[in-house]
Enquirer: 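Have a look at the structure that comes next, please.
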Amino acid sequence: MLWFLRRDLAEEVQGDLEEKFYATAKERSLFRAKLNYWYQVFNYLRPFAIKGLSIHTNHFTMFRHYTKIAWRNILRDKAYFVINISGLALSMFCAILIILWIQDELSYEKFFPDHERIYRLVQDQHYDNGEMLRVASNPGILPLYIMENYSGVEQFTRVRPLPDKTLVQHGDTKFYEDITYVDSTFFQVFPFDFVTGDPATCLYDPNSAVITERLAKKYFGENWNEQDIQGKTIAINKNETFAITGVIKDPPANTHLKLDILLPFRKLYQYGWYLGWGNNYIYVYFLLDEGADPTALSNQFTALGKSRDDLTDILYLQALDDIHLYSDFDIDVYGSTELRHPYLTIFIVVTIAIILIACINFMNLATARSDKRAKEIGLRKTVGSQRHQIIMQLLSESVLITMIAFAVAVSGVLLFLPVFNSIADKSIVFSIEKWAVGAGFLSGAIFIGILAGSYPAFYLSAFNPVKVLKGTFIGGGATTFRKVLVVVQFSVTIMFLLGTAVVYKQFQYFMDKDLGYSKDLLLYMPVRGDIFSHYDGFKNQLSQHNEIKGVSYGSDLPTYTVHSFGGFDWDGKNPDDQVILHSFSVGADYIETMGLTLMEGRSFSLDTPADSSNYILNEAAVKSIGLKSPVGQRFTMWGREGKIIGVVKDFNFKSLHQKVEPLVLRMNPAWNTYLFVRMAPGNTRNTLALVEAAWKEFNPDYPFVYHFVNEQYEQLYVSEKRMAAVFDYFTLFTLFIACLGLIGLINHMVEKRKKEISIRKVLGASIATILVLLSREYMKLILIALVISTPLAGYFMYIWLQNYAYRIEPEWWMYALPGLLVFIIALTLVGGQTFKTARQNPVDNLKYE
Amino acid sequence: MKETRLGEFEEVILLLTGILGEEAYAFRIAQEFESQTSREVSIGAVHSTLTRLEDKGFLSSKMGKATAERGGRRKRIYTITAYGRRALEAARDFRISLWNQYPAFANKLSFE
């Protein structure tokens with residue numbers, strides 16, 4: 001019982017119990033007495049009697065006192081306070097934004113209630129020449145076959161997004177929209193919310209259409225809801241009419257499906273080849289039965305693929321939830337071509353780094369300035385404060401500061417969110433509904449406060465009051481721990497700086513590199529409507545102007561292509577080899593218009609009718625085929641036999657992530673997707689007007705839409721740009737925080753050594769000597785940071801650059817510059833601080849000796 | 001003095017303290033309680049109430065003599081303060097006034 005009983009009660013309670021014991025023993029029995037003793041002890045387990053529990057605690061009072069003292073301390077040294085707040089607020093600001101971003105990324109597809117059961121069918125295509133393509137699309141008939149022959153799948157839906165925008169018209173409103181063909185079962189797999197219409201039947205009729213709310217407003221007006229929209233028609237591509245059978249609410253941003261207009265897949269049956277095994281353009285989604293095993297099914301599909309000759313080797317299932325973050329298929333309309341989820345890891349690491357640095361700063365400053373609090377601590381201890389109380393006090397101070405910083409950070413986030421959304425291409429909302437998230441952040445902030453304050457709290461509370469009050473205490477200064485902290489901070493900063501430099505350079509390189517064709521002043525227009533049937537007229541009219549240097553057409557943009565084919569043949573080809581090559585269909589003046597360089601042979605010519613089945617290869621194609629003198633050799637594609645009439649110099653028709661791949665050019669007017677117009681330098685506006693006029697003349701019903709090839713090119717590197725932007729910000733932040741820390745430390749050190757400096761001055765030291773003396777300690781640390789961080793950073797950069805087939809070689813100045821920059825900045829800071837003190841009149845400081 | 005509410009148990013303990021006088025310590029009070037009410041009570045419960053009453057100001061206490069049965073430990077003797085007495089009086093007067101209002105008991109009560 002003594003274990004839990006309050007000591008001051010011990011005596012009387014024990015006495016009472018003993019009396020009771022003897023009394024009971026006398027009246028009843030010894031046994032009963034013992035039993036009763038236990039009973040009595042138990043009954044002393046009451047709040048009033050338990051050790052440590054005080055009904056009248058003064059905790060509340062103490063905290064009010066602590067807050068008061070903390071506040072006074074803050075006011076006493078506003079500069080120090082501001083430094084701390086900035087550092088902590090900045091780090092929390094970053095952390096909050098990153099966490100919001102990550103949350104958004106992780107929330108993709110969760111909108112669908114059964115999202116865990118939805119899978120996508122994908123393929124790894126293997127070719128005999130050793131190449132492998134990873135493709136997210138499939139033959140049109142495959143899902144039907146699977147539904148019939150396999151169990152475990154509750155429902156399927158096919159999705160065919162058209163690669164190009166199509167003209168949509170209602171009344172006088174006409175725009176180009178994205179059209180997606182989907183099965184009538186689409187809404188069973190992806191249950192979007194309907195505003196009007198029946199999800200089950202809306203896509204039965206091959207001439208029905210489902211549109212989003214946004215489009216309803218666009219074509220039918222803001223009051224579309226009041227009109228009886230069911231049955232109203234829109235015209236697609238001028239000739240075909242579809243009746244609206246449903247309107248869905250705009251899909252949320254965090255899903256990989258981008259929908260505007262949905263048309264029934266049934267409509268595509270008129271193109272019989274969608275239904276066969278020979279095509280591979282359809283995206284297939286399965287809703288698995290409850291309890292079905294996706295891995296087992298996936299394996300079954302893989303076996304299916306292997307067993308059929310007309311199917312590629314490896315079929316397997318990809319989970320819906322994995323699409324956004326883990327897709328890196330070569331061909332995937334909805335995903336990206338590179339994995340996204342490594343970015344998550346990077347950002348998390350960076351955020352933790354920033355928070356750590358801010359905490360380290362806090363610790364550094366607090367301990368360095370400890371002699372300012374020394375007297376107070378000594379006094380408290382003398383008057384009876386226990387160590388844990390002092391720790392409590394100091395911790396509450398740090399938590400208070402952190403809370404203020406948190407408030408600043410949150411307001412910063414709220415203000416900055418729209419800007420952030422536009423940078424990151426997201427629409428994150430920091431709504432009140434997410435209070436759980438907010439509470440999480442708050443506790444995170446408290447944790448940071450405790451974390452940052454822990455070391456100083458323990459350090460300061462250990463002061464010996466005797467030493468302190470006597471005045472022999474010399475606290476602060478740069479102990480090893482603190483030195484290590486500074487080194488760490490600056491190392492991280494330097495690494496970030498290096499990263500920024502490299503990413504920036506790489507991006508520059510991409511923009512400036514010679515691609516083998518000239519991408520500037522090159523206009524392209526998607527072929528729409530009747531323009532191509534009037535191509536000759538269009539081209540002639542434009543060619544008359546001096547401002548137009550060339551007109552041509554092609555099946556692909558020189559920035560990206562998915563068109564690769566088999567079915568090639570040439571002399572000396574191994575008949576069993578299945579070879580895949582890229583191919584463009586182009587117009588006669590393609591090479592001239594695009595600014596390509598012909599190395600051998602000649603370009604296509606309209607005067608030679610045989611050219612319609614002749615071919616031009618690029619160097620890479622020639623190499624991969626292995627022909628010695630290609631010009632004049634026989635070449636066949638898809639049964640069309642012809643000759644190779646020329647070889648064109650390699651040009652980058654994909655992003656610079658990859659080396660130039662083999663390419664076959666042929667002249668085939670049937671496959672025209674884009675018109676290209678090369679403009680002369682000069683008044684672009686005028687030239688554009690000329691082109692527009694020509695378009696309008698030959699194709700009045702379709703709006704004129706144009707783009708520039710170099711803008712399109714820049715789009716390829718959007719992810720690099722984003723990385724660069726993010727890196728820039730982070731570097732700035734880290735640098736800022738690290739400098740803050742340094743300033744604080746220097747400031748304090750200089751103040752402490754005021755007297756020493758003055759004495760030195762009196763003894764004849766010059767300002768320069770003093771500067772050197774004071775700064776030497778810290779500059780040494782920066783140098784160490786440099787030495788550590790440069791090789792590390794170099795290593796990381798090397799790994800990152802391996803991603804790119806075309807990359808810059810890190811030059812020596814990339815390594816040296818960040819370090820130098822940091823060195824100079826640090827020097828300036830240190831110098832600035834010490835200079836002020838060094839200049840002071842020694843008399844002022846020594847007066848009171 | 002309506003703020004000073006006494007629970008039934010507290011009132012009894014308070015009265016017993018007054019009755020026992022010099023003998024008013026936790027064990028004795030508990031013992032007396034059990035003999036008078038034939039209800040069992042633990043010393044801890046009594047002690048807790050005594051401490052509470054003391055905190056409210058109705059009792060004061062001081063350490064008394066040590067005896068052999070207590071293994072040489074002293075006991076804490078409680079005495080009613082003036083404030084405590086007033087509280088008891090208030091409680092009694094209130095009860096009486098209510099009983100007087102109840103016809104069955106009215107005018108049949110006598111004190112002293």
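Proteins come first, then strands; the chains are lettered A, B, ... in the order of their sequence lines, and each starts at number 1.
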Enquirer: Hey, is CZ on F458(A) packed in by over 12 heavy atoms from elsewhere, all under 6.0 Å?
Expert: no

Enquirer: May I ask you to check whether over 12 heavy atoms, not counting those of E40(B), lie within 6.0 Å of atom CD?
Expert: no

Enquirer: Before giving the answer on side chain to side chain contact (heavy atoms under 4.5 Å, CB included), spell out for E11(A) and M63(B) the whole-Å C-alpha distance, their side-chain angles and the decisive distance to 0.1 Å.
Expert: CA-CA 10 Å; E11(A) 192 185 348; M63(B) 299 305 277; 4.1 Å; yes

Enquirer: Give the minimum heavy-atom separation between V41(B) and Y39(A), together with the two atoms involved.
Expert: C-OH, 4.4 Å

Enquirer: Please report the shortest heavy-atom distance between A23(A) and Q31(B), naming the atom on each side.
Expert: CB-NE2, 4.3 Å

Enquirer: Start with the C-alpha gap between F27(B) and E18(A), add the side-chain angles, then the distance that decides, and say whether side chain to side chain contact (heavy atoms under 4.5 Å, CB included) holds.
Expert: CA-CA 9 Å; F27(B) 167 65; E18(A) 250 190 77; over 6 Å; no

Enquirer: Do other residues, nucleotides or ligands put more than 12 heavy atoms under 6.0 Å from the OH atom of Y22(A)?
Expert: no

Enquirer: Taking the basic N atoms (NZ, or NE/NH1/NH2) and the acidic carboxylate oxygens, is any pair closer than 4.0 Å for E34(B) and K20(A)?
Expert: yes

Enquirer: Who are the side-chain hydrogen bond (donor to acceptor under 3.5 Å, both in side chains) partners of N36(A), not counting sequence neighbours?
Expert: Q40(A)

Enquirer: For M403(A), I'd like to know if atom CE has over 12 heavy atoms of other residues, nucleotides or ligands within 6.0 Å.
Expert: yes

Enquirer: Can you check whether I43(B) reaches Y44(A) side chain to side chain, under 4.5 Å on heavy atoms?
Expert: yes

Enquirer: Thinking salt bridges, do R73(B) and E12(A) make one under a 4.0 Å N-O criterion?
Expert: no

Enquirer: Go through the atoms of L45(A) and report whether side chain, backbone, both or neither lie under 4.5 Å from a heavy atom of chain B.
Expert: neither

Enquirer: Please look at T51(B) and chain A and tell me whether the side chain, the backbone, both or neither of the residue comes under 4.5 angstrom of a heavy atom of that chain.
Expert: side chain

Enquirer: With a sphere of 6.0 Å drawn around CZ of F9(B), does it hold more than 12 non-hydrogen atoms of other residues, nucleotides or ligands?
Expert: yes

Enquirer: Would L9(A) and H47(B) satisfy side chain to side chain contact (heavy atoms under 4.5 Å, CB included), going step by step from the backbone distance to the final call?
Expert: CA-CA 10 Å; L9(A) 292 179; H47(B) 200 167; 4.1 Å; yes

